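Take a look at the structure set out below.
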Protein chains: 2
Amino acid sequence: MRSEKKQGRPRAFDAKTVIGQAREVFWDKGFSAASLDTLSAATKLNRPSLYGAFGDKEELYLDALEDYREDSMDVLSEALDPALPLRDNLASVYATALKIYLHGETAARGCFLISTATAEAIQHARVREVLGRSLNDFDDAIKERMELAVERGELPADADPAILARLASAVMHSLAVRARAGDTRETLEALARSGVDLICGRK
Amino acid sequence: MRSEKKQGRPRAFDAKTVIGQAREVFWDKGFSAASLDTLSAATKLNRPSLYGAFGDKEELYLDALEDYREDSMDVLSEALDPALPLRDNLASVYATALKIYLHGETAARGCFLISTATAEAIQHARVREVLGRSLNDFDDAIKERMELAVERGELPADADPAILARLASAVMHSLAVRARAGDTRETLEALARSGVDLICGRK
DNA sequence: AGATTTTTATGCGAAACGGTATAAAATATG
DNA sequence: CATATTTTATACCGTTTCGCATAAAAATCT
């Protein structure tokens, strides 16, 4: 007879929480500079537990990347609320992005994917794959909203939704890099505003 | 009496060359994952020589970053030849960037600064400083060309050169990230073209 | 030619690294 | 209550890491 509860000693942690704690470490230090000791301390899990639950360091990092990607897509689709004008949507995308990017203990963290996954993308094909897929998913979500905007007449009929979406993402990539490089909030907000103007037309 | 030649055993290497070889290693692996053994092998210098000439790993990396920054500025000012139209200039900036970004043994390398310095920018303040300064210098060089374009009437009189420059850079930041993420040349060239169109106006 | 100075070569050493073996603890099953 | 199963805790292992100590080599200076 099998109960719904798994046999054996129950886990003393929540996997999702642990991945979030690991993500913070990777976000600050990058993948290579994050040691298992640091990860173990941050998650309050000793190494064998980490290995048992997530596999080796690379797999834990990949889990953290996927988790971030999912969170980002959720935040993005909230910001792209079709009940609001495209211009407001884009401004909202950039504003929520900056809220995330500018948070940080010692310095602004930027985007977790762009700031840390790029460094490993050559040596670790799976990291490159997640990074590429994340960027594409982001583009596609914006593209859908752009298509709607063309249908509605928020954008000219001859506007190319795919291209505009990539340009809109490009501004966000720049915000991510510049935030991590230490740009001020004011500078970044100005770039975000001009990005909105350029893509949606100056108001 | 002192001769112009330095006393002692002469160096068996050219510093600039060595920094270039170290840069290749850092570019592929990132700062943290690049070991001194690998750097020593790539430069054909044993570790004590590396230390004597450049200091520790971080200082060598900073030298590589500075070197890349200088090279990039040189390439940029060549591309921004004021004898040619602004549109051609921008297209040339993106084309030369992509030539560099898409080169790579196993996968496209992207931009050395954006791909590797971002990861270390939180933990190493000096890296963050070089990264920030490099992005700003790049913006400024483009801004100068934009100012000229406004004077000449290549851009509308009310165009803001500083903002347009940052947007132009933003497209390049995105090219850098996407190249390292594995985007195809065609996709990247399309983004570059649409970036030119957006900033200079569709032809 | 001998002394001085700088660079090269070999090799070491302490610390940190990722990963795991082993055994105790905590639950479900029979 | 005994057994099976899973997770936790401690400790360890071999490797790699960075950085340096030491001495030989190659040049200039006196």
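Computed from a predicted structure; not experimentally measured. In what follows, chains are A, B, ... by sequence order, proteins preceding strands, each numbered from 1.
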Between B/R69 and B/E66, does any side-chain N to carboxylate O distance fall below 4.0 Å? yes
One thing to verify: whether A/D28 and A/R23 come together as a salt bridge, which I'm taking to mean a side-chain N less than 4.0 angstrom from a carboxylate O. no
Hey, are A/N46 and A/S40 close enough side-chain-wise for a donor-acceptor pair under 3.5 Å? no
Side-chain N,O (B/N46) to OP1/OP2 (C/dT8) below 4.0 Å: no
Under 4.0 angstrom between B/S49 side-chain N/O and C/dT7 OP1 or OP2: no
In terms of ring plane angle, is the pair A/Y68 and A/W27 parallel, tilted or perpendicular, where the classes change at 30° and 60°? perpendicular
Tell me whether the rings of B/Y61 and B/F26 are parallel (<30°), tilted (30 to 60°) or perpendicular (>60°). perpendicular
Each nucleotide N or O in nucleotides 11-17 of chain C that has a protein N or O under 3.5 Å away: list the pair and distance.
none

Every protein N/O lying under 3.5 Å from an N/O of nucleotides 2-4 of chain D:
from, atom 1, to, atom 2, distance (Å)
D/dA4, N3, A/Q7, NE2, 3.4

So what does A/A53 touch, heavy atoms closer than 4.0 Å: a base, only the sugar-phosphate, or nothing? nothing
Show the nearest heavy-atom pair for residues B/I199 and B/L90, with the distance to one decimal. CG2-CD1, 3.9 Å
Test: B/K57 cationic atom under 6.0 Å from B/F31 six-membered ring centre, within 45° of axis: yes
Identify all pairs in which a protein N or O lies below 3.5 Å from an N or O of nucleotides 23-25 of chain D, and state each distance.
from, atom 1, to, atom 2, distance (Å)
D/dA25, N3, B/R9, NH1, 3.3

